[in-house]
Amino acid sequence: MREITLHDTLLGEVVPLCTREPGRVGIYACGPTVYARIHVGNARQFVVFSLFKRFLQHEGYEVTLVANITDVNDKIYAAAAAAGVASPELAEAMTARYVADTDRLGLGRPDHEPLAGNTVAEIIALIQVLIDAGHAYTADGDVYFAVRSYERYGELSHRRLDDLDQGEGGVGAERKRDPVDFALWKGHKPGEDTSWDAPWGRGRPGWHIECSAMAEAILGLDFEVHGGGTDLIFPHHENEAAQTRAARGVPLARIWMHPGMVRLDSEKMSKSAGNTFLLHAALDAYGRDALIAYFCSAHYRAPIEFDDERLRAAAAAVGRLREVARRVVPGASPAWSAPLREEFFGALAEDFNTPRAMAAVFEWVRTANRASEAVGDYDLREMLGVLALDNVLEADPARGQATPQALALMREREAARRERDWDRADSLREELQRLGFAVRDGPDGPELLAL
RNA sequence: GGCGACGUGGGAGAGCGGCUAUCCAGCGGCCUGCAAAGCCGUUUACACCGGUUCAAAUCCGGUCGUCGCCUCCA
């Protein structure tokens, strides 16, 4: 088991992953609010945390990955109203889409995908603790967290309360004792079709409290890794951290891991900005292999631009992996492989450096291509497996098999070649091309490749 | 305005004081009847200005620029 380090937003540096129990890691990654289909930016979280989990499992850890789905929220009310459907109906439909779209990434499901709507009892209990402790107060059916009652507020996002723009704005602002306070519970308003009874009145949870409650319910307190996009650091994660620690006296999580934003035309891709590229469309256009290779091509914390050129480059890189798959044979890898394998896993152990890991893979590929003897594929398979790309070593099921007609043309071409009738051989090759097959002449004779 | 991140060869992207990263693309070569695939080579990059050091893309200071958060957001 290697020592694994990760960048922690709270400390602002790369720190060792220290588990509560040996060999067990709990990860909570904030998922999407389901009022529209998810875009490539949302998908980055899903991919990064799924792959990170695979890596930890490879290192021998038992991992529990929790990725919540926010199903009760102002945006959902608005979208449902616009569509003329009930909000639970919309949330349910979009959740199904989210599951279907992310399933196409072929990374499996997180171990838990809790919904705020199913965790209300825990949420209410947590809010009650905060009220009793004097960290929260009721106001006209709402409950607010008293930010100034919690002295560590701002430690995660590295800002001082007095530096915040304290613009009023927002419904309920006049009920707050302090503009920086935020809602734990929102009293029911006309037109909202999801609400629950609570000791301080009927209503629904605020956004931040659901994650505190669900994370604690599933993973406990002081769990290993809490994550989400950098845009969640403030206020979402700051508030989560404040609520839980104020209520329990214990940190919510040990390491705060924040993948960078996906950009479109140099700007953050987001639903509210409207510059999204939807995940299912990206999968249709480029395929899941290219998409995963694309995400691995940059470090998870760096912003990454989503554009055609980059996705095509990722697809070409995957093609190179497919080519080497044709040369390797099942079996143990040669001695030269070990250092590259070590570099690969070492890179992932150091703040999950996927581009460095990919570089090791490609060095492996080049070395294998250079070798004159057959190369065993075990190490390559192991490396690619952690990044969920080992499927490229198998024959692509989407590609057709050589048809009898194509085989006949190929034999015909061989005959022409033996007679050195190059014009005829070339025209037969073109014909095969039209049928969807490329011909490669090798030392062992020709080979047909479905395109 | 406050806080933070970042500026690397045609493009992407590692690099954490001295050693060819890697991928994509172009060009040249090898191989091939020609291709394809593969291999080799390739214009020797580090925003700018100072400083520290025997030695800096890597450390320090400043300048310029880009982006993120400060409001729902992955």
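By the 30° and 60° cut-offs, the orientation of the rings of Tyr153(A) relative to Tyr150(A) is perpendicular. Using the six-membered ring where Trp is involved, Phe145(A) and Phe182(A) have ring planes that are parallel, under 30° apart on the 30 and 60° scheme. Between Phe352(A) and Phe52(A), the ring-plane angle classifies as perpendicular under the 30° and 60° cut-offs.
A donor-acceptor contact under 3.5 Å is formed by the side chain of Arg429(A) with the base of A35(B). At a cut-off of 3.5 angstrom, the base of C72(B) holds at least one donor-acceptor pair with the side chain of Ser272(A). Residue-to-nucleotide contacts include a donor-acceptor pair under 3.5 Å from the side chain of Asp441(A) to the base of C34(B). Put simply, the side chain of Arg424(A) and the base of G33(B) share no donor and acceptor less than 3.5 Å apart. Side-chain to base pairing of Asp162(A) with G2(B): no donor and acceptor N or O lie closer than 3.5 Å to each other.
The separation of C64(B) from C49(B), taken at their C1' atoms, amounts to 10 Å, rounded to a whole angstrom. Going from the C1' atom of C24(B) to that of G13(B) covers 11 Å, rounded to whole Å. Taking atom P in both G9(B) and C46(B), the straight-line distance is 8 Å, to the nearest Å. Separating the P atom of U42(B) from that of A36(B) is a span of 22 Å, rounded to the nearest Å. Of the C1' atoms belonging to A47(B) and C6(B), the separation is 12 Å, rounded to the nearest Å. Taking atom P in both G18(B) and C39(B), the straight-line distance is 29 Å, to the nearest Å. Only the C1' atoms considered, A56(B) is 16 Å distant from C48(B), to the nearest whole Å. Using P as the reference atom, U8(B) and U66(B) are 14 Å apart when rounded to the nearest Å.
In this model, the phosphate group of G38(B) is approached by a side-chain N or O of Arg320(A) to a distance below 4.0 Å at OP1 or OP2. Considering only side-chain N and O atoms, Thr33(A) lies under 4.0 angstrom from the phosphate OP1 or OP2 of A74(B). When the side-chain nitrogen and oxygen atoms of Arg366(A) are compared with OP1 and OP2 of U22(B), one or more of them lie within a distance under 4.0 Å. Taking side-chain N and O atoms only, Arg370(A) has no distance below 4.0 Å to OP1 or OP2 of C31(B). Contact annotation: Asn42(A) reaches the phosphate of A74(B) (side-chain N/O to OP1 or OP2, under 4.0 Å).
Rounding to whole angstrom units, CD of residue Glu305(A) and C1' of C24(B) are separated by 16 Å. At whole-Å resolution of the value, CZ in Phe362(A) and P in G38(B) are 11 Å apart.
Under the Watson-Crick and G-U wobble criteria, each requiring two contacts below 3.5 Å, nucleotide C39(B) is paired to G29(B). Pair check for A12(B) finds U22(B); Watson-Crick or G-U wobble, both atom distances under 3.5 Å. Here C69(B) sits opposite G2(B) as a Watson-Crick or G-U wobble pair (both hydrogen-bonding atom distances under 3.5 Å).
Here Gly228(A) lies in heavy-atom contact (under 4.0 Å) with sugar-phosphate atoms only.
For Arg97(A), the CZ atom sits in a loose shell: 12 or fewer heavy atoms of surrounding residues, nucleotides or ligands are nearer than 6.0 Å.
For the residue pair His237(A) / His258(A), a side-chain donor-acceptor distance below 3.5 Å is found, with atom types taken as modelled.
Under the 4.0 Å criterion applied to side-chain N and carboxylate O atoms, Arg109(A) and Glu113(A) are assigned as salt-bridge partners.
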